[in-house]
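To start, the structure itself, in structure tokens.
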Amino acid sequence: YAIFPLLWFFKTKPNLLLALTLLLQVAAYLFFAGKTSATDRFEYVLVFSWLGYFGFGIWLELRQTLPKILLSLVWPAGAVILTLIVLSAKSAIDGGLDPLPALKFTRLPIIFLALALNLGLMTSNLSAKNLSLTPVSRALKWLGKNSYLIFLAHTIGLRLIYAALTQQL
């Protein structure tokens with residue numbers, strides 16, 4: 001919880017912030033790549049498992065323009081990455097790997113898929129010079145602005161939903 005506000009110290013150097021946070025996240029994913037266990041919950045609670053996504057959100061907020069080539073390649077790149085993820089997971093499961101490690105979200109390609117999809121959604125139907133025109137980008141910007149509060153409160157909502165679905169209310 002304390003890490004997210006500390007990221008704002010890097011707001012004057014958004015490229016450095018993005019590089020450092022993604023590097024830490026990639027390192028964490030590589031560390032966990034060879035690990036298998038009955039559960040992978042431990043990986044998700046570590047700050048390094050999601051730090052790059054926060055860095056990416058801050059980087060997007062601080063950028064005024066994005067290169068046109070990046071905007072034109074984001075959806076094709078996302079489709080290619082998704083296809084590779086699905087094929088590699090299927091191959092791993094067909095090869096006898098337990099589905100839990102084959103499908104876990106702390107796999108390296110997931111980082112790139114998440115970044116591509118977020119960038120694609122954030123910039124859909126936009127010019128390279130204006131990142132705030134579409135309803136999708138405005139909704140995502142609102143989610144980004146309130147993400148820390150959502151992060152802190154999401155377990156309460158999930159527990160209520162679970163209790164309602166299992167008739168424990």
Side-chain angles (χ1 to χ4, degrees), residues 1-63 66-124 131 137 140-141 143-155 158:
Y1 297 105
I3 298 295
F4 180 70
L6 294 176
L7 295 177
W8 279 108
F9 287 121
F10 287 95
K11 70 181 177 183
T12 58
K13 298 185 187 283
N15 292 335
L16 178 63
L17 171 71
L18 180 63
L20 288 176
T21 57
L22 285 177
L23 182 65
L24 289 170
Q25 186 168 343
V26 166
Y29 281 30
L30 289 173
F31 176 77
F32 288 118
K35 312 270 189 259
T36 57
S37 63
T39 180
D40 56 357
R41 289 177 142 184
F42 178 70
E43 298 170 25
Y44 298 123
V45 299
L46 290 177
V47 66
F48 299 119
S49 295
W50 46 262
L51 189 61
Y53 301 135
F54 279 102
F56 183 68
I58 293 168
W59 179 81
L60 274 179
E61 174 63 25
L62 297 174
R63 294 284 303 205
L66 294 172
K68 289 183 181 184
I69 187 80
L70 181 63
L71 297 177
S72 64
L73 291 177
V74 69
W75 287 112
V80 168
I81 295 166
L82 179 60
T83 301
L84 292 174
I85 289 171
V86 169
L87 292 175
S88 69
K90 181 181 181 323
S91 174
I93 293 169
D94 289 346
L97 184 64
D98 185 282
L100 181 63
L103 299 172
K104 68 182 181 176
F105 281 94
T106 50
R107 290 180 296 138
L108 198 54
I110 298 294
I111 295 173
F112 303 107
L113 176 66
L115 295 178
L117 293 179
N118 280 305
L119 183 60
L121 287 171
M122 195 67 187
T123 59
S124 59
L131 297 179
S137 63
L140 288 172
K141 196 168 189 174
L143 282 173
K145 185 175 181 180
N146 296 291
S147 65
Y148 188 57
L149 178 62
I150 294 166
F151 174 72
L152 294 175
H154 80 280
T155 57
L158 291 175

Counterpart residues, ring pair (Phe, Tyr, Trp, His ring centres under 6.0 Å), relative to Phe112 (two or more places apart):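 Scan of Phe112 (ring pair (Phe, Tyr, Trp, His ring centres under 6.0 Å), adjacent residues dropped) gives none.
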Residues 16-23, side-chain donor-acceptor partners within the protein, below 3.5 Å, at least two apart:
residue, atom, partner, partner atom, Å
Thr21, OG1, Leu17, O, 2.9
Thr21, OG1, Leu18, O, 3.2

Got Leu30 and Val26 here, is their nearest side-chain heavy-atom distance under 4.5 Å?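 In contact.
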Might you point out which heavy atoms bring Ile111 and Gln25 nearest each other, and give the distance in Å?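 Nearest heavy atoms, Ile111 then Gln25: CG1-NE2, 3.6 Å.
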Scanning both residues in full, the closest heavy-atom pair of Ala114 with Tyr53 reads CB-CE2, 3.6 Å
Just distance, no hydrogens or angles: give the donor-acceptor pairs under 3.5 Å from side chains in residues 77-90, sequence neighbours left out.
residue, atom, partner, partner atom, Å
Thr83, OG1, Ala79, O, 2.8
Ser88, OG, Leu84, O, 3.1
Ser88, OG, Ile85, O, 3.1
Lys90, NZ, Asp94, OD2, 2.7

In this structure, CZ of Phe10 is separated from OG1 of Thr12 (nearest 0.5 Å) by 9.0 Å
